[in-house]
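First up is the structure itself, then whatever we jot down about it.
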Amino acid sequence: MKDFAVRPCLCENVLQRLGELMNTIRLINLGLIALVFTATTGMAQDLIPPPPQDQGLPYTRSAQLVSMELIKDYTAVFVGSRYAYVKGHKVRLDETNWRFEAERRTDGDVYVPEAFVRAALKKDITFDPAPEYLKRKSLASHRS
């Protein structure tokens with residue numbers, strides 16, 4: 001019987017200590033949150049201010065206007081793009097096949113779709129006919 005009377009005291013003691021421990025953990029969590037909050041607000045004041053948005057610097061609101069002003073008298077073709085700028089106007093490289101784009105080959109040259117070249121030069125481009133051996137190969141491949 002003596003042992004039975006001691007056990008409730010131990011349980012109450014353990015529960016009381018657990019409660020104190022939980023309160024301590026809550027206080028530590030609140031302290032950490034307050035520490036993080038004060039650290040981040042202090043860091044926000046130390047950050048570099050954003051650049052002026054009206055001077056045409058890269059990645060600012062005025063960058064596109066400034067770049068368009070610089071290329072307005074030229075034809076600008078961008079590798080990987082389906083569009084080009086011709087005298088400041090945005091045009092599609094090929095109106096019939098929208099998937100054609102400007103590409104850079106291993107030799108460093110930039111290739112554009114034939115339709116864009118025809119439209120840019122405003123003349124019809126004619127190519128030499130394919131050699132006979134190529135014609136025979138293409139006919140053979142279509143038959144099989």
Side-chain angles (χ1 to χ4, degrees), residues 4 6-144:
F4 183 77
V6 171
R7 285 190 180 165
C9 286
L10 286 176
C11 290
E12 287 176 12
N13 194 12
V14 168
L15 289 176
Q16 182 181 5
R17 289 192 180 238
L18 279 175
E20 291 172 2
L21 183 63
M22 292 299 287
N23 286 336
T24 307
I25 290 173
R26 283 189 196 117
L27 289 176
I28 290 173
N29 284 342
L30 288 175
L32 287 175
I33 291 171
L35 179 67
V36 168
F37 181 73
T38 55
T40 55
T41 54
M43 284 178 20
Q45 295 169 356
D46 297 339
L47 292 177
I48 299 171
Q53 299 293 307
D54 59 348
Q55 294 181 0
L57 299 173
Y59 307 106
T60 60
R61 294 184 189 120
S62 63
Q64 184 179 10
L65 297 173
V66 172
S67 61
M68 292 304 296
E69 187 66 29
L70 292 173
I71 64 171
K72 71 178 180 180
D73 296 329
Y74 301 99
T75 299
V77 177
F78 304 99
V79 174
S81 176
R82 294 181 176 104
Y83 296 94
Y85 287 93
V86 179
K87 299 201 182 233
H89 299 284
K90 186 176 182 178
V91 295
R92 190 179 294 275
L93 291 178
D94 193 345
E95 288 294 327
T96 56
N97 190 342
W98 290 3
R99 295 195 297 178
F100 286 164
E101 59 187 32
E103 61 182 58
R104 182 183 304 239
R105 299 280 171 95
T106 55
D107 57 1
D109 293 337
V110 176
Y111 287 78
V112 295
E114 178 185 337
F116 178 72
V117 175
R118 286 184 186 189
L121 296 177
K122 295 183 182 170
K123 58 171 93 168
D124 194 23
I125 301 171
T126 58
F127 296 100
D128 295 334
E132 286 299 319
Y133 69 90
L134 286 178
K135 289 181 183 177
R136 279 180 272 157
K137 283 184 179 178
S138 67
L139 288 175
S141 65
H142 287 295
R143 286 183 195 155
S144 52

**Shortest non-hydrogen contact between P52 and T60, atoms and distance** = O-CG2, 3.8 Å

**Asked** Is E101 paired with R99 through a side-chain N to carboxylate O contact shorter than 4.0 Å?
**Response** no

**Exam field: side chain S67 to backbone Q64, donor-acceptor pair closer than 3.5 Å** = yes

**Asked** Just how far is it from atom CE of M68 to atom NZ of K90, taken to the nearest 0.5 Å?
**Response** 9.0 Å

**Complete:** Interatomic distance, CZ@R82 vs CG@N97, rounded to 0.5 Å, equals 9.0 Å

**Prompt:** I71 and Y85: side chain to side chain contact (heavy atoms under 4.5 Å, CB included), yes or no, with the steps?
**Reply:** CA-CA 8 Å; I71 64 171; Y85 287 93; 3.9 Å; yes

**Request:** Please report the closest heavy-atom contact between P58 and A63, naming both atoms and the distance.
**Result:** CA-CB, 4.4 Å

**Request:** Calculate, to the nearest 0.5 Å, the distance between atoms CZ and CG belonging to F78 and L93 respectively.
**Result:** 10.5 Å

**Asked** Does the ring of Y111 carry R104 above it, NZ/CZ under 6.0 angstrom from centre and within 45° of its axis?
**Response** no

**Request:** Report yes or no: does S62 contribute a side-chain atom to a donor-acceptor pair with the main-chain N or O of Q53 at less than 3.5 Å?
**Result:** yes

**Item:** Atom pair CZ/OH of R92 and Y83 - distance to nearest 0.5 Å
**Value:** 3.5 Å

**Message:** Assess the residue pair V91 and F116 against the criterion (side chain to side chain contact (heavy atoms under 4.5 Å, CB included)); give the C-alpha distance rounded to whole Å, side-chain angles, the decisive distance to 0.1 Å, and a yes or no.
**Reply:** CA-CA 9 Å; V91 295; F116 178 72; 4.0 Å; yes

